[in-house]
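Remarks on the structure that follows.
Every number for a ligand or one of its atoms is a count from 1 in the order of the listing.
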Amino acid sequence: MKAAVLHEVGGVPRFEDFPDPVPGPDEVLIDVKAVAVENVDKLIAAGTHYASKKYLAQLPAIPAFDGIGTLPDGTVVGFGNPRPPYGALAEKTVVAKGAYAPIADGIDPAVATVLGTAITGMSLTTAAGFVPGETVLIQGATGVAGRLAVKVARLLGAGRIVATGRDEGQLREVQALGADTVITTAVPDAELAQAFTDAKGDGYDVVLDYLWGRPTEILLRSLVPESFAFPKPTRLIQVGESAGGTLTVAAESLRTSGVEIYGAAKGLGPDTMGQVYGQVVTWAQSGELTFDVTRVPLSDIETAWQRTDLRGTRLVVVL
Ligand SMILES: NC(=O)c1ccc[n+]([C@@H]2O[C@H](COP(=O)([O-])OP(=O)(O)OC[C@H]3O[C@@H](n4cnc5c(N)ncnc54)[C@H](OP(=O)(O)O)[C@@H]3O)[C@@H](O)[C@H]2O)c1
């Protein structure tokens, strides 16, 4: 079969022949249809992600750990966790029986690869217990996940949406998607802290954080009140780390600001996952939620893997 083949940790996958996977008794062969290439796939291939050890235990290997494909009976499914060295970026892959779920009728496989990213926006409800009318701050709103989160927050009935990014032009696009106020993080620390304070109104109820690192460190600092006061709770949901994997939290930020920090996995279980997935699919089918994807063939993987021009749109390899 043809596959994207990674020969070394930190290398770039190449379009090559690779032996077909042979499923064991508890496995099933997947005929791959579409695979999103995300930051996490690049981190794993670079050897800098906690899952790198598992997926790169044997080289050469095929990157990407999930995608959309068909089972031998033709059912279209979203699958995950291929058996290394097989990955999703190939004509065929192999997963454990049950490591897949059917994709709803009428959803294009390329769009289906982005449903999981939209579901991070649904952590507004699953992790933060969002109620309509609340003020939401989305950190990293110019990215694929952030833009979807702005749309999801609007669909869920956010009272006010504040969105951050580094680029004025892209922030205008985010405003067109539904953000009420935008903040650029590409300014000195004191200016950014002031912008967070100016935009918060009577307080951020929920923060969806795709950045972490410097912008979130400054945000947390900006939430410290200037006098003794009863704090208004701010539920900060940690979803991504585009701006850094660590930050320093001043003791007074936690002590005084009312901030509560949760991971996006909070509240997720088989039932809630089914509910939020169903909601995202309903919006996708009705056209209320749209997904921006850039399609490339598998044969272009070497060039596509290295693209840096794609902002706010998901690179999807279609087979
Ligand atoms: N937990 C999950 O299930 C899940 C799912 C999807 C994504 N994520 C995570 O969420 C994050 C965003 O994913 P994505 O797919 O939206 O990525 P993306 O499309 O590449 O967007 C990245 C965002 O981060 C901003 N950014 C990048 N580096 C930055 C820096 N040094 N300082 C400030 N802003 C910076 C980008 O701004 P520009 O537009 O200016 O470049 C953009 O807004 C990633 O960490 C990803 O792993 C998590």
Does I44 belong to the same Ile/Leu/Val/Met/Phe/Trp/Tyr cluster as L6, with side-chain heavy atoms less than 4.5 Å apart forming each link?
no

Structural part of A264 in contact with ligand 1, heavy atom criterion under 4.0 angstrom:
neither

Can you tell me which residue among T142, I161, I138 is in a side-chain contact (heavy atoms from CB on, under 4.5 Å) with V174?
T142

Name the closest protein heavy atom to atom 4 (C) of ligand 1, giving the residue it belongs to and the distance to 0.1 Å.
T120 CG2, 3.5 Å

Ligand 1 to Y210, heavy atom cutoff 4.0 Å, flagged ligand atoms 10 (O), 11 (C)

A student comparing E38, R314, Q238 should find that the heavy atom closest to atom 15 (O) of ligand 1 comes from R314

To which protein heavy atom is atom 12 (C) of ligand 1 closest, and what is the distance rounded to 0.1 Å?
S242 OG, 3.4 Å

Checking contacts here: is it the side chain or the backbone of R214 that comes within 4.0 Å of ligand 1, counting heavy atoms only? Could be both or neither.
neither

Does ligand 1 have a heavy atom under 4.0 Å from the side chain of V40, from its backbone, from both, or from neither?
neither

Looking at atom 33 (C) of ligand 1, what's its closest protein heavy atom, distance included?
R166 CD, 3.5 Å

Could you tell me if D271 and Q275 have a donor-acceptor pair between their side chains, going purely by distance under 3.5 Å?
no

Going by the 4.0 angstrom heavy-atom rule, the piece of L211 near ligand 1 is side chain

I need the nearest protein heavy-atom contact for atom 16 (O) of ligand 1: residue, atom name and distance, please.
A145 N, 2.8 Å

Using a 4.0 Å cutoff against the non-hydrogen atoms of Q170, which atoms of ligand 1 qualify?
39 (O)

Looking at every heavy atom in both A264 and V239, which two are closest together, and how far apart are they?
CB-CG1, 4.0 Å

Does one side chain, of D41 or Y55, offer a donor that lies under 3.5 Å from an acceptor on the other?
no

Quick one: are P23 and V94 in side-chain contact, heavy atoms under 4.5 Å?
yes

Which ligand 1 atoms does G240 reach within 4.0 Å, using its non-hydrogen atoms?
9 (C), 10 (O), 11 (C), 45 (O)

Report yes or no: does E91 contribute a side-chain atom to a donor-acceptor pair with the main-chain N or O of M1 at less than 3.5 Å?
no

Could you tell me whether the side chain of T216 and the main chain of G213 form a donor-acceptor pair under 3.5 Å?
no

Transitively linked via ILVMFWY side-chain contacts under 4.5 Å: V12 with F15?
yes

T93 (side chain) donor-acceptor with G87 (main chain) under 3.5 angstrom:
yes

Using a distance threshold of 4.0 Å (strictly less than), state whether atom 43 (O) of ligand 1 has a protein heavy-atom neighbour.
yes

Tell me if a side-chain donor or acceptor on T48 pairs with a main-chain N or O of L43 at a distance below 3.5 Å.
yes

Do you see a protein non-hydrogen atom under 4.0 Å from atom 46 (C) of ligand 1?
no

Compute the shortest N/O to N/O distance between G143 and ligand 1 and return yes if it is under 3.5 Å, no if not.
yes

Which of the listed options, R311, H49, E173, holds the heavy atom that is closest to atom 38 (P) of ligand 1?
R311

Short list, please: which atoms of ligand 1 are under 4.0 Å from a heavy atom of G140?
43 (O)

How far is atom 8 (N) of ligand 1 from the closest protein heavy atom, and which atom is that?
V239 O, 4.1 Å

The atoms of ligand 1 lying under 4.0 Å from a heavy atom of E241, numbered in the order shown, are 45 (O)

What protein heavy atom lies closest to atom 39 (O) of ligand 1? Include the residue and the distance to one decimal.
T142 OG1, 2.7 Å

Specify the protein heavy atom at minimum distance from atom 17 (O) of ligand 1: its residue, its atom name, and the distance to 0.1 Å.
N39 ND2, 3.1 Å

Among all protein heavy atoms, pick out the one at the shortest distance from atom 32 (N) of ligand 1; state its residue, atom name and that distance to 0.1 Å.
A243 CB, 3.5 Å

Which one holds for V144 and ligand 1: side chain close, backbone close, both close, or neither close, with close meaning a heavy atom under 4.0 Å?
both

Measure across L29 and P72 and return the closest heavy-atom pair with its distance rounded to 0.1 Å.
O-CD, 3.4 Å

When you measure from the heavy atoms of R147 to every atom of ligand 1, does any distance fall below 4.0 Å?
no

Do you know which two heavy atoms are closest between V259 and L220, and how far apart they sit?
CG2-CD2, 3.9 Å

With a sphere of 6.0 Å drawn around NZ of K200, does it hold more than 12 non-hydrogen atoms of other residues, nucleotides or ligands?
yes

